[in-house]
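Order of appearance sets the numbers: ligands from 1, and atoms from 1 within every ligand.
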Amino acid sequence: MKTLSQTDLAVLELINKEAKRQEDGIELIASENYASKAVMEALGSPLTNKYSEGYVGKRYYGGNEVIDEVEALAIERCKKIFGCEHVNVQPLSGSPANAAVYFATIKPGDKVLGLQLDHGGHLSHGHPVNFSGMLYNFTQYQVEKETGRIDMEKVREVALSEKPKMILAGFSAYSRNLDWKKFKEIADEVGAITFADIAHIAGLIAGKAIESPVPYFDIVSTTTHKTLRGPRGAIIMCKENFAKAIDKAVFPGMQGGPHDHATAAKAVAFGEALQPEFQTYAKHVIENAQAMAAHLMKAGFKIISDGTDNHLMVVDVTSKGISGKEAERVLDLVGISTSRSTIPFDPRKPMDPSGIRLGTPAITTRGFDVEDTCKVADAITQAIENHSDETKLKSIREGILELCRKRPLYDAKTA
Ligand code: DSN
């Protein structure tokens, strides 16, 4: 960052501070990842200077001949990864993408089924404080108390009684595979549109480690910066018969000019996801998550649904005499980033819930294997069990630094 070092030391210093925090810490926030240097270079390119409202070949500004090629390349690569009939690569992030999906397909007041937020859903899946819950008439399905899993028979019962216009499948804190086919069958039974939000698992689907909803669902949205390991942003895939409505909802419905630098970075990330190494990555993300879950359960933690099929898990930490908020704070002290999380049927409040959510996409990018991951799980256990012992916490921090030095963030492999 040669120029920034000459023009704005205040910002440079903050960027360097954050880079050091990332280098010296272990990232277990399930929605985070490390984009490659190539993705970051595309993000920092002159494409940030351009306005290009409209779509390939149909822009409202001149000078878009190169941007057209960039967007067409992102579309082509995305179609190759997911096998979708149509994709819009312009959404700025996950919630705006989901807003565009609703805007394109249903009317305010229409009924939608979605997974409840504290059972693993997302704010934009109908929570009352979010635009989705304010504008649309959501009925929320839940996971079962005993198993922590979604019971598809219950989803069917709710669908039959509510007759929604849309059925939404997707999550930000659910560690089991979704039965896409069953969702589609239920939707067909009640004549509902099927919408999958695969923000958390898009990279695992791209890496062919878990099943894709694309063949079954009408519409599939995803962010591009989680397991997919691209820039912050989103895409909406759909069947051809929804293409016009989706495009119109994104622009001019919801957004103005797309972020062309981000579109280029999406194309770079899609190119990376098409490499055979990405399939190995996706497989390792799940192996690491399963090893972490098993290790934590052996140490006496309750994992919701007793394990994981994907990259994440929700851990009830209250049996160790600590809340989710306090666990997040203590783990921050030893250099492990996590996010507090409600657990299904949580007796505690969302700001200080019973759980933490852990995920392995970022550490796997960094090159952590199962052995490293088990060391991280040990450190979590030790830190939580000794949360008031400063000396012990300091020595755990040292161990974490050692692990980080063994697996530098942007070495030749990840760069
Ligand atoms: N905030 C993201 C997450 O952490 O899962 C979802 O948008």
Side-chain angles (χ1 to χ4, degrees), residues 22 25-35 91-102 114-133 138 140 143 148 150 168-178 195-205 210 220-236 254 262 266 269 285-286 289 292 303-305 308-315 324-325 327-328 331-332 336-344 346 350-365:
Q22 292 185 13
I26 288 187
E27 189 49 74
L28 293 183
I29 293 178
S31 47
E32 293 189 13
N33 211 333
Y34 305 115
L92 303 179
S93 204
S95 288
N98 289 352
V101 172
Y102 302 135
L115 179 61
Q116 194 169 305
L117 179 69
D118 55 354
H119 285 238
H122 187 254
L123 274 173
S124 65
H125 298 179
H127 195 277
V129 301
N130 183 262
F131 77 91
S132 54
F138 268 82
Q140 310 262 247
V143 300
I150 296 165
L168 202 176
F171 54 79
S172 56
Y174 182 69
S175 61
R176 295 300 174 179
N177 286 331
L178 295 181
F195 170 29
D197 177 347
I198 58 166
H200 264 263
I201 49 174
L204 306 180
I205 291 168
I210 61 178
V220 178
S221 74
T222 180
T223 48
T224 45
H225 50 271
K226 298 187 175 87
T227 47
L228 200 47
R229 218 165 58 183
R232 304 200 84 80
I235 56 173
I236 304 170
M254 298 285 308
K266 286 173 192 176
V285 168
I286 297 176
M292 178 168 283
I303 306 269
I304 306 308
S305 87
T308 181
D309 296 328
N310 56 32
H311 63 299
L312 71 79
M313 69 212 71
V314 176
V315 188
K325 182 180 172 188
E328 181 194 286
L331 292 171
D332 258 337
I336 299 176
S337 294
T338 63
S339 45
R340 73 191 76 166
S341 173
T342 48
I343 60 170
D346 204 330
M351 265 318 276
D352 190 9
S354 298
I356 52 173
R357 186 188 62 170
L358 306 176
T360 52
I363 57 168
T364 308
T365 295

### Query
For N98 and H125, what are the C-alpha separation, side-chain angles and deciding distance, and is it a side chain to side chain contact (heavy atoms under 4.5 Å, CB included)?
CA-CA 8 Å; N98 289 352; H125 298 179; 3.9 Å; yes
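- Listed by chain and number, residues touching ligand 1 at under 4.0 Å (heavy atoms only) are S31, H122, S172, H200, K226, R357.
- Shown here are the ring pair (Phe, Tyr, Trp, His ring centres under 6.0 Å) partners of H225, two or more places apart in sequence or in another chain: there are none.
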### Task
Could you go through the side chain to side chain contact (heavy atoms under 4.5 Å, CB included) check for L204 and I286 one step at a time?
CA-CA 8 Å; L204 306 180; I286 297 176; 4.2 Å; yes
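- Minimum interatomic distance between S354 and D346 (heavy atoms only, all atoms of both residues): OG-OD1, 2.6 Å.
- In this model, no donor atom of one side chain and acceptor atom of the other lie less than 3.5 Å apart for D197 and H122.
- Ring orientation note: the planes of F138 and Y102 are nearly perpendicular, at an angle over 60° on the 30°/60° scale.
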